[in-house]
Visitor: 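Got a structure for you, written out below as structure tokens; questions coming shortly.
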Amino acid sequence: MKRFFMLMFAVFMVGLISSQARGTVESDAMQIQVIYVFRHAEKADTADNPSLNEQGQLRAQQLARALQHADIQSIFSTRYARTQQTAAPLATALGLAVETYQAGDADAIIATVKKLRHPTLIIGHSNTVPNIVRAAGGEAPDLTEKDYGDLFQVIMTEQGVITNRFVID
């Protein structure tokens with residue numbers, strides 16, 4: 001529960017900073033962009049394209065609750081069922097379509113997201129999430145097949161990049 005409140009505080013602070021930046025004169029405005037990167041939730045089995053299991057469905061709902069007020073305006077997911085299903089609860093709550101990106105091409109998805117210039121959620125895999133965070137200039141350890149629930153918040157400003165790591169459980 002403490003982690004949830006820490007995440008909500010971080011989301012609040014980014015929202016506050018972003019709203020202040022938008023409210024200043026354009027030439028003086030601080031450029032800030034926030035990207036959230038999350039590994040898909042628990043999958044049902046080891047098939048080629050498994051769905052989420054019960055725990056995974058619950059975690060996807062928890063992710064939606066945690067990010068519902070983060071001003072997310074775009075959601076990206078790979079074509080796989082488990083990533084699409086992880087993204088679905090938040091997309092439904094926000095009335096957004098989930099856009100598909102090519103798994104394994106971290107540079108391309110980050111280039112796309114940077115052009116959007118608004119808060120974005122990217123759902124990936126244990127072997128792609130760290131590379132996506134790194135492609136954005138953030139820091140992330142390698143993840144294993146057993147790592148679920150890690151939410152990376154990458155805050156990009158003109159002064160540099162800040163990476164926050166939260167656990168959704």
Side-chain angles (χ1 to χ4, degrees), residues 7 10-11 14 18 31-53 55-68 70-158 160-168:
L7 172 62
V11 168
V14 168
S18 295
Q31 299 298 318
I32 187 168
Q33 184 174 9
V34 181
I35 301 172
Y36 296 92
V37 187
F38 190 75
R39 186 225 172 154
H40 65 78
E42 290 86 343
K43 55 189 176 182
D45 54 42
T46 58
D48 282 344
N49 191 15
S51 295
L52 297 180
N53 64 19
Q55 178 60 34
Q57 292 170 8
L58 288 172
R59 194 179 305 273
Q61 291 291 335
Q62 291 167 329
L63 176 67
R65 280 192 298 277
L67 294 179
Q68 67 185 347
D71 194 31
I72 290 174
Q73 297 173 36
S74 295
I75 300 174
F76 290 87
S77 166
T78 63
R79 64 179 176 83
Y80 297 99
R82 58 196 177 272
T83 57
Q84 294 282 325
Q85 292 168 1
T86 300
L90 182 62
T92 299
L94 298 178
L96 297 173
V98 177
E99 299 179 52
T100 303
Y101 74 96
Q102 181 65 40
D105 195 350
D107 291 332
I109 186 60
I110 291 301
T112 298
V113 168
K114 282 183 174 181
K115 290 177 190 173
L116 298 175
R117 301 179 60 113
H118 59 243
T120 302
L121 171 64
I122 303 170
I123 305 293
H125 304 268
S126 61
N127 63 340
T128 64
V129 163
N131 292 334
I132 294 168
V133 172
R134 293 173 194 145
E139 298 177 8
D142 289 338
L143 299 177
T144 70
E145 258 313 293
K146 295 181 180 182
D147 291 322
Y148 289 103
D150 291 296
L151 174 64
F152 295 90
Q153 178 190 53
V154 183
I155 305 168
M156 298 178 291
T157 71
E158 294 166 347
V161 177
I162 299 167
T163 309
N164 295 306
R165 182 179 181 186
F166 304 100
V167 176
I168 303 296

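The basis for the numbers below is simple: all heavy atoms, side chains too, and nothing from hydrogens, waters or symmetry mates. Predicted model, so just to flag it, every value in this text is computed and none were measured.
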Visitor: CG/D48 to OG1/T46 distance, rounded to the nearest 0.5 angstrom?
Guide: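 Reported value, rounded in 0.5 Å steps: 9.0 Å.
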Visitor: So, do V154 and V34 sit near enough that their side-chain heavy atoms are less than 4.5 Å apart?
Guide: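 Not touching, per the 4.5 Å side-chain cut-off.
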Visitor: Find out whether I110 and I122 are in side-chain contact, i.e. whether some heavy atom of one side chain is under 4.5 Å from a heavy atom of the other.
Guide: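 Contact flag for I110/I122 side chains = yes.
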Visitor: With a 4.5 Å heavy-atom cut-off, do T83 and H125 have their side chains touching?
Guide: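 Yes - at least one pair of side-chain heavy atoms lies under 4.5 Å apart.
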Visitor: Heavy atoms, side chains only, cut-off 4.5 Å: are R82 and E42 in contact?
Guide: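 They are not in side-chain contact.
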Visitor: Run the salt-bridge test on R165 and D150 with the 4.0 Å N-O cut-off and return the result as yes or no.
Guide: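 Counted as a salt bridge, because a side-chain N and a carboxylate O are separated by less than 4.0 Å.
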Visitor: Is it the case that the side chain of Q33 and the backbone of V113 share a donor-acceptor pair, with hydrogens and angles ignored and the cut-off at 3.5 Å?
Guide: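 Between the backbone of V113 and the side chain of Q33 there is a qualifying donor-acceptor contact (under 3.5 Å).
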Visitor: Carefully, step by step, assess V133 and T163 under the rule side chain to side chain contact (heavy atoms under 4.5 Å, CB included).
Guide: CA-CA 8 Å; V133 172; T163 309; 4.1 Å; yes
Visitor: Short question: side chain of R79, backbone of Q102 - any donor-acceptor pair under 3.5 Å?
Guide: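 No; judged by distance alone, with no hydrogens or angles, the pair does not exist.
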Visitor: Salt-bridged, R134 to E139, with N to O below 4.0 Å?
Guide: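 Result for this pair is no, no salt bridge flagged.
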Visitor: Between R39 (side chain only) and D147 (backbone N and O only), is there a donor and an acceptor less than 3.5 Å apart?
Guide: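 Such a contact is found between R39 side chain and D147 backbone.
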Visitor: Below 4.0 angstrom, N of the basic side chain to O of the carboxylate: do K43 and E145 qualify?
Guide: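 Counted as a salt bridge, because a side-chain N and a carboxylate O are separated by less than 4.0 Å.
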Visitor: Would you say the side chain of I123 lies within less than 4.5 Å of the side chain of T78, judging by non-hydrogen atoms?
Guide: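 No. Closest side-chain heavy atoms not under 4.5 Å.
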Visitor: Between CZ of F152 and CZ of F38, what distance do you get to the nearest 0.5 Å?
Guide: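 Answer rounded to 0.5 Å: 10.5 Å.
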Visitor: I need the Q57 CD to T86 OG1 distance, nearest 0.5 Å.
Guide: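 The distance works out to 9.5 Å.
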Visitor: Please assess T128 against N131 for the test side-chain hydrogen bond (donor to acceptor under 3.5 Å, both in side chains), listing each intermediate value before the final yes or no.
Guide: CA-CA 5 Å; T128 64; N131 292 334; over 6 Å; no
Visitor: Please find the pair of heavy atoms, one from P130 and one from A140, that lie closest to each other, and give the distance.
Guide: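 Heavy atoms of P130 and A140 come nearest at CA-CB, 3.9 Å.
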Visitor: Would you check if the side chain of N49 reaches a backbone N or O of Y80 as a donor-acceptor pair within less than 3.5 Å?
Guide: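 Checking the backbone N and O of Y80 against the side chain of N49, no donor-acceptor pair under 3.5 Å is found.
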Visitor: Strictly distance-based, threshold 3.5 Å: is any side-chain N or O of T157 a donor or acceptor partner for the main-chain N or O of I32?
Guide: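 No, T157 side chain to I32 backbone: no donor-acceptor pair under 3.5 Å.
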Visitor: Looking at NZ of K114 and CD1 of I35, how far apart are the two atoms once the value is rounded to the nearest 0.5 Å?
Guide: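 Answer rounded to 0.5 Å: 7.0 Å.
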Visitor: Do Q85 side-chain atoms and L52 backbone N/O form a donor-acceptor pair below 3.5 Å?
Guide: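 Flag set: sc Q85 to bb L52 pair under 3.5 Å.
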Visitor: Walk me through it: do H40 and Y148 pass the test side chain to side chain contact (heavy atoms under 4.5 Å, CB included)?
Guide: CA-CA 7 Å; H40 65 78; Y148 289 103; 4.1 Å; yes
Visitor: Is the shortest side-chain heavy-atom distance between T112 and F76 below 4.5 Å?
Guide: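 A side-chain contact exists here, since the closest heavy-atom pair is under 4.5 Å.
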Visitor: Could you pull out the closest heavy-atom pair between V98 and A91, with the gap in Å?
Guide: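 Minimum heavy-atom contact is CG2-CB, 3.6 Å.
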Visitor: For the pair R65 (side chain) and L90 (backbone), establish whether a donor and an acceptor sit closer than 3.5 Å, ignoring hydrogens and angles.
Guide: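 No, the answer is negative, given that no donor and acceptor are paired below the 3.5 Å cut-off.
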Visitor: Judged by atom type as modelled, is there a donor-acceptor pair below 3.5 Å linking the side chain of S77 to the main-chain atoms of Q84?
Guide: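 Yes, the answer is positive, given that a donor and an acceptor are paired below the 3.5 Å cut-off.
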Visitor: For L143 and S126, which heavy atoms make the closest approach, and how far apart are they?
Guide: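 Looks like CB-O, 3.6 Å.
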Visitor: With I75, which of T120, L67, L121 fulfils side chain to side chain contact (heavy atoms under 4.5 Å, CB included)?
Guide: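 Among T120, L67, L121, the one that satisfies the side chain to side chain contact (heavy atoms under 4.5 Å, CB included) with I75 is L121.
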